[in-house]
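The structure under discussion appears below in the form of structure tokens.
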Number of protein chains: 2
Amino acid sequence: MSNTLGVREAQKRKTRQALLEAGLGLLEEQSLSSLGLREVTRVVGVAPAAFYRHFRDMADLGVALVEEALGSLHVMIRTVLAEQADPESLIDRSVEVVAAHVRAHPAHVRFIARERHGGVRAVREAIAAELARFGDEVAEALGAQPLSEGWSEDDVRMLAGLYVDHLVMTASSFLEAPPDEAPRIADVARRQLLLISLGRRHWLRPA
Amino acid sequence: MSNTLGVREAQKRKTRQALLEAGLGLLEEQSLSSLGLREVTRVVGVAPAAFYRHFRDMADLGVALVEEALGSLHVMIRTVLAEQADPESLIDRSVEVVAAHVRAHPAHVRFIARERHGGVRAVREAIAAELARFGDEVAEALGAQPLSEGWSEDDVRMLAGLYVDHLVMTASSFLEAPPDEAPRIADVARRQLLLISLGRRHWLRPA
DNA sequence: CAGTTCAGTTAACAACTGTTTGCCGGATGG
DNA sequence: CCATCCGGCAAACAGTTGTTAACTGAACTG
């Protein structure tokens with residue numbers, strides 16, 4: 001590994017990461033469009049002007065957060081898609097993985113849910129682009145399944161979209177509800193997925 | 001009608017409405033949590049202190065906007081639910097009504113989508129409560145349909161939730177995409193609803 | 001070891017913010 | 001007609017904001 005980066009660059013990454021984490025923390029109780037530059041630097045314990053060494057804007061920091069947050073989600077998606085079992089237990093697994101992800105990275109999930117339709121265009125677009133990539137990925141995995149034989153590419157893509165949207169909704173439900181409601185939310189999510197998969201099975205013979 | 005309200009109260013309502021509309025307008029490019037009191041009064045052409053004659057907070061104004069925005073949505077929902085026809089053309093109608101609603105009240109739709117997971121707790125909760133009421137209403141209508149015979153109350157509710165979530169998603173898709181993409185979005189939404197209704201038809205005999 | 005690069009600092013800038021106080025003047029109601 | 005109410009105003013308040021400039025000093029380069 002030649003990834004031995006110099007002392008200076010290491011320090012730079014460190015404070016950059018600290019800025020990102022401070023921002024993420026502050027975003028638990030407000031939106032990105034009201035997050036102040038000074039607010040962030042104050043938490044990190046660094047001068048306001050130092051911010052510009054890492055980001056042009058708050059929007060810029062937001063875009064960086066998108067990459068970080070959806071990177072971890074990416075791993076989650078692959079985890080679910082990789083497993084192959086009977087459809088029913090796959091549903092159970094999916095919901096479990098989502099719940100675990102929300103428990104592990106609540107701030108990331110909150111950020112994505114909040115800023116997906118939030119007030120900062122650049123961030124909205126970054127999230128949309130990344131979620132579209134997820135959709136493609138899910139579509140590819142679905143298309144490879146025997147159940148999708150005879151499906152048009154477009155129909156597979158619309159199903160994938162339904163899954164991705166449902167995933168985001170479920171995640172944000174877990175987040176906003178008190179912890180003791182989690183089992184109930186998981187149950188609803190499972191049944192919704194079950195219903196969708198029923199519709200999927202009868203798609204080509206809608207009698 | 002004894003609703004002849006005095007000149008003074010009429011004026012008060014007028015500026016109150018002006019504040020709401022100015023706020024809604026400014027929210028097209030930012031989130032509620034970054035919307036300033038002075039910003040709003042400046043647009044209306046009124047002194048900053050006048051704001052307090054109508055709202056305690058920005059959050060307070062936000063809650064008022066929720067009622068206004070979801071009031072109009074309420075009408076829309078009833079429109080869709082009232083019509084009774086074969087399920088397929090009902091889907092077409094629903095998507096049409098949603099598209100028309102977004103065209104008629106884009107700012108309201110944007111506001112709901114944005115602040116549903118936004119940074120102001122009181123507003124989030126107001127939206128959640130109102131959407132839950134929608135869910136109940138949809139559930140009631142669904143339960144009355146012959147197709148729901150033998151369904152548990154809880155299953156009807158989870159289906160209703162799926163519909164409401166899908167509705168909000170579709171509306172915000174219409175909003176964020178360029179106008180020429182609208183037909184494509186409508187088409188995807190229709191097929192998704194069709195798939196869900198297929199799953200619904202086979203819910204009780206999942207063979 | 002000398003010279004350069006550059007992350008972070010200090011200090012100052014004008015512009016803005018929410019909130020309070022006291023006041024004005026037209027509508028309201030007896 | 002007169003006293004009261006009350007929506008809106010002007011002015012001042014202490015804080016805050018983003019952005020700029022010139023600097024310091026440690027890490028890098030050759």
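Every chain is numbered from 1, with letters handed out A, B, ... down the list of sequences. We use all heavy atoms of the structure for the numbers below, so side chains are in, but hydrogens, waters and symmetry mates are not. Nothing here was measured: the structure is a model prediction, and the numbers come from that model.
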**OP:** Check the distance between dG7(D)'s P and L19(B)'s CG and give it to me in whole angstrom.
**Re:** 13 Å

Original post:
Parallel, tilted or perpendicular: which describes the rings of H105(B) and H108(B), with under 30° parallel and over 60° perpendicular?
Top reply: parallel

Original post:
L70(B) and F134(B): which non-hydrogen atoms are nearest, and at how many Å?
Top reply: O-CZ, 3.4 Å

**OP:** Give the rounded distance in Å between these two atoms: CE of M58(B) and C1' of dT19(C).
**Re:** 14 Å

Original post:
Contact class for F51(A) vs. all strands (heavy atom < 4.0 Å): base, sugar-phosphate, or nothing?
Top reply: nothing

Subject >> Shortest non-hydrogen contact from S173(A) toward I185(A) >> reply: O-CD1, 3.5 Å

Original post:
Salt bridge check: are D155(B) and R200(B) linked by an N-O gap of less than 4.0 Å?
Top reply: no

**OP:** For each nucleotide in nucleotides 21-30 of chain D, reading 5' to 3', give B when a protein heavy atom comes within less than 4.0 Å of its base, S when such contact involves only the sugar-phosphate, and - otherwise.
**Re:** B----BBS--

**OP:** Any chance you could measure S148(A), atom OG, to L159(A), atom CG, to the nearest 0.5 Å?
**Re:** 7.0 Å

Subject >> OP1 or OP2 of dG8(D) under 4.0 Å from side-chain N/O of T15(B) >> reply: yes

Subject >> Summary of protein contacts for nucleotides 12-17 of chain D, nucleotide by nucleotide, where a base hit scores B, a sugar-phosphate-only hit scores S (4.0 Å, heavy atoms) >> reply: B----S

Subject >> Closest heavy-atom pair and its distance - E137(A), H74(A) >> reply: OE1-CE1, 2.8 Å

Subject >> Nucleotide dG18(C), atom P - distance to CZ of F55(B) in whole Å >> reply: 15 Å

Subject >> Side chain R124(A), main chain G118(A), donor-acceptor under 3.5 Å >> reply: yes

Original post:
K12(B) has an atom NZ; how far is it from atom P of dC6(D), in whole Å?
Top reply: 9 Å

**OP:** Grab the OH-C1' distance between Y52(B) and dG22(C) for me, whole Å please.
**Re:** 16 Å

**OP:** Could you check how far CG of L26(B) sits from P of dT17(C), rounded to whole Å?
**Re:** 11 Å

**OP:** Report the distance from atom CG of L61(B) to atom C1' of dG18(C), rounded to the nearest whole Å.
**Re:** 15 Å

Original post:
CG of D165(A) to CZ of R116(A): how many Å apart, nearest 0.5 Å?
Top reply: 5.0 Å

Original post:
In whole angstrom, what separates H54(A)'s NE2 from dA7(C)'s P?
Top reply: 7 Å

Original post:
Looking only at side chains, do H117(B) and E176(A) share a donor and an acceptor under 3.5 Å apart?
Top reply: yes

